[in-house]
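Everything quoted here is computed from the prediction, not taken from an experiment. A, B, ... follow the sequence lines: proteins, then strands. Residue 1 opens every chain.
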Amino acid sequence: MRVRFAPSPTGYPHAGNLRTALYNWLFARHCGGRFILRIEDTDRERTLPDAEPYLKEALRWLGLDWDEGPEVGGPAGPYRQSERLDIYHRLADELIARGAAYRCYCPRERLEAVRAARRAANLHPYGYDRHCRAWSEAERQERAAAGAPFVVRFAIPLAGETGWEDAIRGYITYSNRELDDHVLLKSDGYPTYQFANVVDDHLMGITHVIRAEEWVPSTPRHLLEYQAFGWEPPVFAHLSLITEPGGKKLSKRLGARPILDYREEGYLPEALVNFLALLGWSPGGNREIMAPAELIELFSLEGIVPHPSTFDLEKLDWINGVYIRKLRPADLLERALPFLQRAGLVHTLPTESERELAARSLPLVQDRLRRLGEAPELAEFFFRDPPEYDPRAVQKWLDPIEARAILVRTRDAFRRLDQWNEATVEEAVRRVAAELEMRAADVIHPTRVAATGRTEGPGLFETLAVLGKERTLARIEDALRRFVPGG
RNA sequence: GGCCCUAUCGUCUAGUGGUCAGGACGCCGGGUUCUCAGCUCGGUAACCGGGGUUCGAAUCCCCGUAGGGCUACCA
């Protein structure tokens, strides 16, 4: 089994592109086949210089390693189409010699006029009228001698039909009469996708073409080319598109966002892979959370659904949260630290104490994270002195008249502690509550607001244990001075 | 306009002629608890419509309808 992912470097790959890559990769890994990366840079106008590096970075981030392709090489290279022009020319000439292709000298203006006229007259297909296909050998020679610019077009059989058994959607067939003679070689000497794709898939020994649904209508053209060459076509599997919630069309907001944006927001690659795998494929049972190794084991073409699927950010967030919660403390620290750095909570090169504070505080907010990017906000009060006080929290828990007594006694109890840890802090708080004949919660809430500025967050005792005695006392003093009436 | 694809809870999906149509996200409620989150228990919610075929259709066929794709010297 040999499959390929063949993006064109004309933009930054999004979820749809990467899902296609993922399915190819999963299929190859499942079968023990080869996953090939091929860069289809045949559009000289639209090719972006940084698109290929970005693409490779995205694949690497998601863990989709390629066995052959740019950087790693391979026996069927080069793997960049712009480096294979001689091959396309040679094979185009071969097709011309066989009478399966011909040179077309029609200027663009004529093409456009023809298209408009056919559309107006409702003549199908709307495309090229095969003007140059009808010439005699003498006329061809004449044109060639004149040295006019030309494209090479494929001579679609005038009758019959072309079909294939799609691995995802069953038998699909087209009447050849619906197909116009498409361009194989452009006038700039570059091949079109319709040609390079077929040539390379054959030369690279691709056995299964797993690609997006947008290619369905051009598949008969590809099949006809295989036929003209006398080549065995691969198995085709056409994936449905990913759509947006509500509206449908892909927008820049979700599915069409450059995939690395998700990294910036703190999505874990294995979570995104899990999510993408589920977006149009199912292992059959009720499995939801699957690590890459499990996906590889369970993946099959049969499990791919034929209908489009909507990109559901809520579900991605849930899956990401599941993966974040599974992170071991050391991994959590390494993965979340960059977000704390970017938010300015720790230095770009964190000090030893910053690292330690991060290592101790991050596990406390771990359960609450859906994206690592939320870590700075959730853990901020551990790093900033004084913390930011939420006015509503202050109003509710520090303003009432009994707040002073509670906080003063709690502070005094804390001061007396020799050992400062979760257990001693808890004991002290509960003792204060007992002395005041209050519920523990009545002491806990004001103390939390005084120490963190918020009503929400990790358990108070573990929070204070991490914050330390000194900073806890300083914050309570500070809160007493600033917010608590009756001083 | 033409050709092609698709159609199960709001969303992702299981289902392959006989099921109380299952699971997950979300949402709602209970429990745990110092809050939030998490965890946990429970609930809400679907076979696009109409014809067939069949003893019996979510499952097979046809026709609608709806959504999507393609219709470039872009991929």
Side-chain angles (χ1 to χ4, degrees), chain A residues 6-11 40-43 45-47 104 106 108 111-112 115 119-120 122-128 149-153 166 168-170 172-175 177-180 182-194 196-197 212-220 238 240-241 243 245-246 248-249 275 278-289 303 305-319 321 325 365-370 378 393 397 426 429-430 433 439-445 447-449 452 454-461:
Chain A
S8 74
T10 52
E40 309 221 326
D41 54 346
T42 55
D43 185 337
E45 260 99 79
R46 296 198 311 152
T47 290
C104 167
C106 294
R108 287 174 199 262
L111 262 21
E112 277 158 33
R115 197 154 29 233
R119 181 178 284 266
N122 232 323
L123 273 174
H124 298 286
Y126 286 161
Y128 186 55
F150 63 88
V151 299
V152 174
R153 284 183 187 272
D166 195 276
I168 294 170
R169 42 201 84 222
I172 301 176
T173 180
Y174 283 80
S175 166
R177 299 183 53 188
E178 292 158 14
L179 276 27
D180 71 341
H182 60 273
V183 172
L184 262 24
L185 243 37
K186 302 183 251 186
S187 55
D188 66 0
Y190 276 63
T192 60
Y193 173 92
Q194 314 295 1
N197 189 261
E213 188 185 12
E214 52 188 314
W215 298 111
V216 167
S218 44
T219 303
H238 288 96
S240 280
L241 272 18
T243 61
K248 276 292 182 189
K249 283 229 174 80
F275 172 72
L278 252 22
L279 209 55
W281 170 81
S282 160
N286 289 330
R287 302 291 306 276
E288 295 281 345
I289 300 299
V305 301
H307 54 265
S309 14
T310 302
F311 191 104
D312 181 8
L313 192 61
E314 295 281 0
K315 185 143 186 172
L316 205 211
D317 281 344
W318 171 73
I319 290 178
R325 269 171 249 129
V365 299
Q366 188 168 12
D367 280 354
R368 295 161 181 75
L369 291 172
R370 291 194 309 169
L378 290 176
W397 294 106
E426 172 161 9
V429 168
R430 292 197 187 281
R439 297 176 310 155
D442 295 325
V443 175
I444 287 169
H445 294 310
T447 305
R448 173 185 288 106
V449 173
T452 71
R454 315 175 175 197
T455 56
E456 306 169 356
L460 180 68
F461 313 128

Counting the atoms with a prime plus P, OP1 and OP2 as sugar-phosphate, which does F275(A) contact under 4.0 Å by heavy atoms, base, sugar-phosphate, or nothing? nothing
Atom-pair distance (CH2 on W318(A); P on C27(B)), nearest Å: 13 Å
Applying a 3.5 Å limit to both distances, which nucleotide forms a Watson-Crick or G-U wobble pair with A75(B)? none
When rounded to whole Å, the OH to P distance for the pair Y193(A) and C70(B) reads 13 Å
I'd like to know if the side chain of T310(A) and the backbone of T243(A) have a donor-acceptor N/O pair within less than 3.5 Å. no
Partner of U19(B) by Watson-Crick or G-U wobble geometry, both contacts under 3.5 Å, or none? none
Whole angstrom is fine here: how far is it from CG in D312(A) over to P in C9(B)? 14 Å
Using the P atom in both, what is the distance from C25(B) to A21(B), to the nearest Å? 22 Å
Reckon H124(A) touches a base, only the sugar-phosphate, or nothing at all at heavy-atom distances under 4.0 Å? base
Using a heavy-atom cut-off of 4.0 Å across all strands, would you classify P7(A) as base, sugar-phosphate, or nothing? nothing
Report which part of the nucleic acid L111(A) touches: base, sugar-phosphate, or nothing (heavy-atom distance under 4.0 Å, all strands). base
Any base atoms under 4.0 Å from E288(A), or only sugar-phosphate, or nothing? Heavy atoms, all strands. base
Looking at U13(B), I'd like to know if its phosphate oxygens (OP1 or OP2) sit under 4.0 Å from a side-chain N or O belonging to H307(A). yes
Classify the nucleic acid contact of S8(A) as base, sugar-phosphate or nothing, counting any heavy atom under 4.0 Å across all strands shown. sugar-phosphate
Below 4.0 angstrom from OP1 or OP2 of U13(B), is there any side-chain N or O of S309(A)? yes
Distance, P atom - from U65(B) to A57(B), rounded to whole angstrom: 25 Å
Using the C1' atom as the point on both nucleotides, what is the distance between A58(B) and C9(B), in whole Å? 13 Å
If you measure from the P atom in G50(B) to the same atom in U16(B), how many Å do you get, rounded? 24 Å
How do E314(A) and P191(A) order along RNA chain B: which one's closest nucleotide is nearer the 5' end? E314(A)
Just by distance, do the side chain of K186(A) and the backbone of F150(A) share a donor-acceptor pair under 3.5 Å? no
Would you call E426(A) and R430(A) a salt bridge, using N to O less than 4.0 angstrom? yes
From C-beta outward on L279(A), which listed nucleotide comes closest to its side chain: G69(B), G22(B), C12(B)? C12(B)
With a 3.5 Å distance limit and no angle check, can you tell me whether S8(A) reaches the backbone of E40(A) through a side-chain donor-acceptor pair? no
Is G321(A) touching bases, backbone alone, or none of the nucleic acid, heavy atoms closer than 4.0 Å? nothing
Identify whether any heavy atom of P306(A) sits under 4.0 Å from a base atom; if not, whether one sits that close to sugar-phosphate; answer base, sugar-phosphate or nothing. sugar-phosphate
State the pairing partner of A66(B); accept Watson-Crick or G-U wobble contacts with both distances under 3.5 Å, and report none otherwise. U6(B)
Could you tell me the separation between the CD1 atom of I289(A) and the P atom of C39(B), rounded to a whole number of Å? 10 Å
Separation of Y174(A) atom OH from G2(B) atom P, in whole Å? 15 Å
C48(B) and U35(B), which share atom name C1', separated by this distance in whole Å: 46 Å
Reckon R325(A) touches a base, only the sugar-phosphate, or nothing at all at heavy-atom distances under 4.0 Å? sugar-phosphate
When you measure from the side chain of S175(A) to the backbone N and O of R177(A), does any donor-acceptor pair fall under 3.5 Å? yes
Give G127(A) one of three labels, base, sugar-phosphate or nothing, depending on what nucleic acid heavy atoms sit under 4.0 Å from its own. nothing
Indicate, with a heavy-atom threshold strictly under 4.0 Å, whether V183(A) touches base, sugar-phosphate, or nothing. sugar-phosphate
Using OP1 and OP2 only, check whether a side-chain N or O of K186(A) sits under 4.0 Å from A75(B). yes
OP1, OP2 of G23(B) versus side-chain N and O of R287(A): anything below 4.0 Å? no
Distance, C1' atom - from G18(B) to C47(B), rounded to whole angstrom: 16 Å
Can you check the R115(A) CZ to C70(B) P distance for me, whole Å? 16 Å
From the candidates C74(B), C70(B), C12(B), the one with an atom nearest any side-chain atom of T192(A) is C74(B)
Only pairs with both distances under 3.5 Å count, Watson-Crick or wobble alike; so what is the partner of G38(B) in this structure? U32(B)
What I want to check is whether an N or O donor and acceptor connect the side chain of Y126(A) with the base of G2(B) at under 3.5 Å. no
For A37(B) and R370(A) - does any side-chain N or O of the residue sit under 4.0 Å from the phosphate oxygens OP1/OP2? no
Can you list the steps and then say if R169(A) with E213(A) is a salt bridge (charged side-chain N to carboxylate O under 4.0 Å, His left out)? CA-CA 10 Å; R169(A) 42 201 84 222; E213(A) 188 185 12; 3.5 Å; yes
Using whole Å, report how far CD of E213(A) lies from C1' of C4(B). 9 Å
Take the protein atom CG of N122(A) and the nucleotide atom P of G2(B), then report the distance between them rounded to whole Å. 7 Å
Would you please say whether a donor-acceptor pair under 3.5 Å links the side chains of S218(A) and H182(A)? no
Look at the side chain of Q366(A) against the base of G38(B) and say whether a donor-acceptor pair falls under 3.5 Å; ignore hydrogens and angles. no
If the threshold is 4.0 Å, N to carboxylate O, is there a salt bridge linking R46(A) and D43(A)? yes
With a 4.0 Å cut-off on heavy atoms, is L278(A) in touch with a base, just the backbone sugar-phosphate, or nothing at all? sugar-phosphate
Looking at T243(A), I'd like to know whether one of its side-chain N or O atoms comes within less than 4.0 Å of OP1 or OP2 on G67(B). no
Should the side chain of R46(A) and the base of C74(B) be counted as holding a donor-acceptor pair, with the cut-off at 3.5 Å? yes
Say we look at G29(B) and A45(B): how far apart would their C1' atoms be, to the nearest angstrom? 16 Å
Contact nearer the 5' end of RNA chain B, comparing D367(A) with I172(A): I172(A)
For G51(B) and G23(B), measure between their P atoms and round to the nearest Å. 31 Å
Return yes if some donor-acceptor pair links the side-chain N/O of D166(A) with the main-chain N/O of H238(A) below 3.5 Å, else return no. yes
Has the side chain of R368(A) got a donor or acceptor atom that lies under 3.5 Å from a matching backbone atom of G457(A)? yes
Students often get this wrong, so: under 4.0 angstrom with heavy atoms, is R177(A) touching a base, only sugar-phosphate, or nothing? nothing
Which is true for S282(A) with a 4.0 Å heavy-atom rule: it touches a base, it touches only sugar-phosphate, or it touches nothing? sugar-phosphate
If A46(B) has a Watson-Crick or G-U wobble mate with both distances under 3.5 Å, name it; if not, just say none. none
